[in-house]
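Some notes on the structure that comes next.
Source: prediction; values computed, not measured. Here is the naming used below: chain letters follow the sequence lines, and residue numbers restart at 1 for every chain. Side chains included, hydrogens not; waters and symmetry mates left out as well; all remaining heavy atoms used.
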Amino acid sequence: MNFRFDIIQEYLPFFLQGMGLTILMSVIGVLMGCILGFFIALGKMSPILIVRLPFIWYINFLRGTPLLVQLFLFHFAVLPSLLGETTPVLSVIVTLSLNSSAYVAEIFRAGLQSIDKGQAEAAHSLGMNKVQVMWHVLLPQAFKRSIPPLGNEFIVLLKDSSLGAMIAAQDVLYWGRAASNEYLKVWEPYLMVALIYLVLTLSLTYLLNYIEKRLDVK
Amino acid sequence: MISVKHLRKTFGETEVLKDISMDIHSQEVVVVIGPSGSGKSTFLRCLNLIESVTDGSIVIDGQEITASGVNVNTLRTEVGMVFQQFNLFPHKTVLENITLPIVTVRKWKKHQAEEKAMDLLQKVGLLEKASAYPDSLSGGQKQRVAIARALGMEPKVMLFDEPTSALDPEMVGEVLGVMKQLAEEGMTMVVVTHEMGFAREVGDRVVFMDDGYVVEEKPPKELFEKPEHERTKAFLSKVL
Ligand SMILES: Nc1ncnc2c1ncn2[C@@H]1O[C@H](COP(=O)(O)OP(=O)(O)OP(=O)(O)O)[C@@H](O)[C@H]1O
Ligand SMILES: [Mg+2]
């Protein structure tokens, strides 16, 4: 077999560009997911069933349907009817944010509920109010415990962002398909795409390990 | 100082406190004893409203805390609580454990809170541990920090729920020592404990609880030497 490095060479600038977009979409997705996820976790822990119910179903829907289906739904139906028009990148970012918010919410909820009840009791017994207890006592501990699963979620998200190629967001996979179509070759472009994702996820894994060590997460 | 009248507490179907009435005077040290499950912890927890009260009234320093519309958080600053499991905040240093409520609740400036915290650490003999994290302390040290933290709010009453039960025997003394010192300084205290030596030496009054009732209450010497009720006798014969 004749491996055509020249294809990879020719497409390298595009792959790098796609890599930038992949990173951008995943980082925004995970950040938005964390912010939204925090509030959704709080909502889902409400003692009042009526308040809890919409959050439960938000999570059920986003975790119980395929991400690709969600992407099509948002790109072709929800966002166009809300905004009049959308771009592939916007659709990917919105879908990734919402999808990860459901997973992050469950991560935060598990983190908060794993904190010993005595912590909140002690804080309340010192006269701290609910917001102070949450902010100063529960959240810092819950967040620290959430870092390893959040890291996993980030890695999953990074890989899932490749679905964006299905609606022509110009990420790494998009350029792989473009190269494949142009030269009618499959090995070179797709191996390259796989390699780029591998480099991204491995770097992220090492970065997360480093952070976990620095923060001394058990 | 504290006046409890016909206090009842139920969890669903189970009635844990059945009809408790008790007066605790200023500067008095009341020791509560009784078998496991008799409602001692629940009683203490009602006194600072960590547990809601089902029925009856509690008046602390002239204020009825069981009335509606009471600011629970303000009340709790006046009633300090020390737990069996210490419940120090593991992500904060010893100093920060003490300053956190002073800064957030009492709204003191940080440096003032730190000065106050250092005074308290000196008092409990842990000045050199100010910047340590709770994980690195022994049980006895943790509990002394927890006492200092509660004192930071300058409470009028201190509640202790089995403060030495989670400790190795050799550390019990250092914690009881701090509590004894507090009592000598005139702190009003309610102490649930199995340390009968402490009850005898420091307690002004011992309350024997069983099955959600106060069965008997007397000065320690009298209660230990001449218990009136059969249940008290049976309990004392097991623990003394
Ligand atoms: N949150 C709760 N829900 C239901 N039942 C409870 C709750 N808290 C306590 N109880 C019950 O109330 C009873 C009294 O409990 P409490 O902890 O006050 O006893 P105690 O005298 O402190 O016992 P111990 O010496 O073991 O600490 C127990 O039977 C316990 O199971
Ligand atoms: Mg108890």
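Applying a 4.5 Å heavy-atom cutoff, the residues of residues 93-122 of chain A that approach chain B are A:D116, A:G118, A:Q119, A:E121, A:A122. Annotation: residues 89-96 of chain B contacts chain A through B:F89, B:P90, B:H91, B:K92 [non-hydrogen atoms, separation under 4.5 Å]. When the heavy atoms of residues 24-59 of chain B are compared with those of chain A, the residues falling under 4.5 Å are B:R45, B:N48, B:I50, listed by number. For a heavy-atom cut-off of 4.5 Å, chain B lies close to no residue in residues 34-70 of chain A.
Among B:T77, B:N73, B:T74, the residue with the largest count of heavy-atom pairs under 4.5 Å with chain A is B:N73.
Contact of B:V82 with chain A is not made at all, since no heavy-atom distance falls under 4.5 Å. Looking at B:L75, there are no atoms closer than 4.5 Å to chain A (heavy atoms on both sides), in backbone or side chain.
Contact record, A:A165 with A:R177: O-NH1, 3.5 Å, taken as the closest heavy-atom pair. A pairwise comparison of heavy atoms in A:L173 and A:S162 identifies CD2-O, 3.6 Å as the closest pair. Considering every non-hydrogen atom in both B:V202 and B:A183, the closest pair reads CG1-CB, 3.6 Å.
Formation of a donor-acceptor pair under 3.5 Å by the B:Q143 side chain with backbone atoms of B:G140 is not found in this model. When atom types are taken as modelled, the side chain of A:H124 and the backbone of A:M128 share a donor-acceptor pair closer than 3.5 angstrom. Checked by atom type and distance alone, the side chain of B:T10 never pairs as donor or acceptor with a backbone atom of B:E13 at under 3.5 Å.
To the nearest 0.5 angstrom, A:M166 atom CE is 12.0 Å from A:H75 atom NE2. Interatomic distance, OG1 of B:T193 versus CG of B:D161, reported as 9.5 Å (0.5 Å rounding). Here A:I167 contributes atom CD1 and A:F74 contributes atom CZ; the two are 11.5 Å apart, rounded to the nearest 0.5 Å. Separating the CG atom in A:L138 from the CD atom in A:Q132 is a distance of 12.0 Å, to the nearest 0.5 Å. The CE atom of B:M179 sits 4.0 Å away from atom CZ of B:F198, with the distance rounded to the nearest 0.5 Å. To the nearest 0.5 Å, atom CG of residue B:L126 and atom CE of residue B:M118 are 11.0 Å apart.
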Is there a salt bridge (Lys or Arg N to Asp or Glu O under 4.0 Å) between B:K123 and B:E185? Walk through the geometry before answering.
CA-CA 12 Å; B:K123 187 183 171 97; B:E185 288 166 10; 2.5 Å; yes
Evaluation steps, side-chain contact (heavy atoms from CB on, under 4.5 Å), between B:V157 and B:M187:
CA-CA 7 Å; B:V157 191; B:M187 176 62 80; 5.9 Å; no
Walk me through whether B:L182 and B:L151 qualify under side-chain contact (heavy atoms from CB on, under 4.5 Å).
CA-CA 10 Å; B:L182 260 185; B:L151 289 175; 3.8 Å; yes
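For the 3.5 Å distance criterion, the side chains of B:S3 and B:D23 qualify, holding a donor opposite an acceptor.
Remark: A:E85 CD is loosely packed, at most 12 non-hydrogen atoms of other residues, nucleotides or ligands lying under 6.0 Å away.
One finds no salt bridge joining B:E114 and B:K109 here, because no Lys/Arg side-chain nitrogen approaches an Asp/Glu carboxylate oxygen to under 4.0 Å.
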